[in-house]
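Read through the structure below, which is laid out as structure tokens, and then see the notes.
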Amino acid sequence: MCGIVGIVKRHGKVVRDLINALKKLEYRGYDSAGIAILSDGEIYVTKGVGTIDKVIDPTKDIKDGSVGIGHTRWATHGEVSEENAHPHVSCNREVAVVHNGTLDGFNAIRNQLMNRGHVFSSETDTEVIAHLIEEKLNEIRDPVKAFSRAVYELKGSYAIASIIKGHNLILLARNKSPLVIGIGNGENYCASDVAALLHKTNRFIFLKDGEIALITPDSVDVWSLNDGIMEKVNRRVEIVDWSPQLLDKGNYEYFMLKEIYEQPYILKKLAKSVYYYKRFSDQLLKYSERGGISIVAAGTSYHAGLIGKFLLSKLAGARSEVIIASEFPEWSSHIGKDDVILAISQSGETADVLEAVRIAKSKEAKVLAITNVPGSTLTRLSDENVFIQAGPEVGVAATKTFLAQVAVLHILSSLISQERTLQIKEELLDISDSLESSMRYIDSASRKISSLLMDKEHVFFLGRGINYPTALEGALKLKEISYIHAEGYPAGEYKHGPLALIEENVPSIVLIPIDDKIRKKIIYNIMEICSRGAFAITIQPKDIDVPSDFSLPLDVKSELTSPMLYVVPLQLIAYYTATSLGRNPDKPRNLAKSVTVE
Ligand code: M6R
């Protein structure tokens, strides 16, 4: 994972800007952080364990200068320690690098470098890059050529930013890890994603795999590196229309709460742009008529994918399968050139999803992508893509992007079925209004429910039909931010095993269907668990009588759209349980927003 950033200016200093940009990248990793600055001809490094605020205090005596790079880390190679925190420098301190990704076979390079006299001060794969560049600079003093020679020797995934003593420039390389260049006036930037730089610019160049770049205060040059030969390429400057305010918590204590509260407005926006999805839905239909649709996603996006499968079948009569991205290599032997992959990823950078897409492409399958982040790798790898238009999501727990993914899957299935095109627009507006007017009520009821869960070891989430994936999502939210064990289950499957875990006072949160037939079945399921002492909490349509110990009635109008309503209390229950337990829901332990390792 990790976030990297770099700034080079004609005039002025970079430390404060680096800190601001790094803070926007903390969601990518936050176990250690650091910066390297070129000042008075020397490279100065400040780094350590902990968050950026803890490690870098700009009011203290930190050297400042007109060029610098920074890093926020999510450890992969080497424990969390000051030595392993980035940036890393070469033996002669002529080179500093920050890196996101993992290098293959770095031990062999490290041993060769040590045999040639290099002394390493960390256990990281990244440090080999600094020493390699130093060696190449000894062969050739041209920094770009020396850098490209070093990069040519690297295998694996990397986004690299490097500064070199005596030069007001930053060198960049990208392969399978995200890296964007931001264009300023008399200054230029680089970062792992656009969100880090929105407060500086909305003009970006998106590097492709296998490219290297040189940025100075007034210029950006990009080359592709083919078999070690550099070929100059022209990259278009693209405008990103996200506003920097979206990256501000405002009066909310955490981004997660702010993002939950943004949901009614996102639905409204999506309702107004139904026809933006028309071309994509036509493509989906066209390819699905030739072969099968395989939905590929991870985590929360996988749960949205399950709902997508349900909707494609129910509304569009289309057959599809859903494959967890990390399992795709082993489960995709049947996929070939007539098939279409529908890749769903908020970040567009999840390594498992990208790997699945690469495998699918190697089999000549078509790739259609649904993502949230402009310029993300997935948008570049896919044949067609659409955005879910949720704006940047900072909290590690996906909330508004799940709702937006589900809404987009509704729109696509409705466009394919044609009959429902107008109806889906009305439905989205209706859910948006209903959420907007009941948000405070849902909030306070969810807070009460969270007080019933705080001291529990296990919580179960049960749903049927289209709300079985919603139950999975509720369990994922609770476990990832509160650290309470939670399991989501199809309610009918429960008696085939998990029922053995039910004992006195174990809470089960049950999502009640609006449809009579399914509801009858789930009522039996509630009775089964309650007769074994379970504590049943129901989230349910209003004016319906269901046995439960605590109920949260909502204004649900249709079974098919109910996940968009039901998921909101589930998000808030997780949020309040986590915060009451003193956990930071925006930065759950061991997790990062973008999982860029397989
Ligand atoms: O960016 P993506 O949608 O590909 O991310 C997939 C998962 O890593 C992500 O949904 C993860 O499960 C979230 N932390 C869930 O809240």
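Residue numbers count from 1 along this sequence. First listed ligand is number 1; within each ligand, the first listed atom is number 1.
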| task | Please confirm whether Y261 and Y252 have ring centers closer than 6.0 angstrom. | result | yes

message = Between F387 and Y276, is the ring centroid distance below 6.0 Å?
response = no

Residues with a heavy atom under 4.0 Å from ligand 1, by chain and number, are A298, G299, T300, S301, S345, Q346, S347, T350, V396, A397, A398, L476, K477, E480, V595

*R358, CZ atom: more than 12 neighbouring heavy atoms under 6.0 Å*: yes

Under 3.5 Å, is there a donor-acceptor pair between the Q263 and Q571 side chains?
yes

- Below 4.5 Å, heavy atoms only, C-beta onward: do S434 and L565 meet side chain to side chain? yes

Over-ring placement of R589 relative to Y483, 6.0 Å and 45° cut-offs: yes

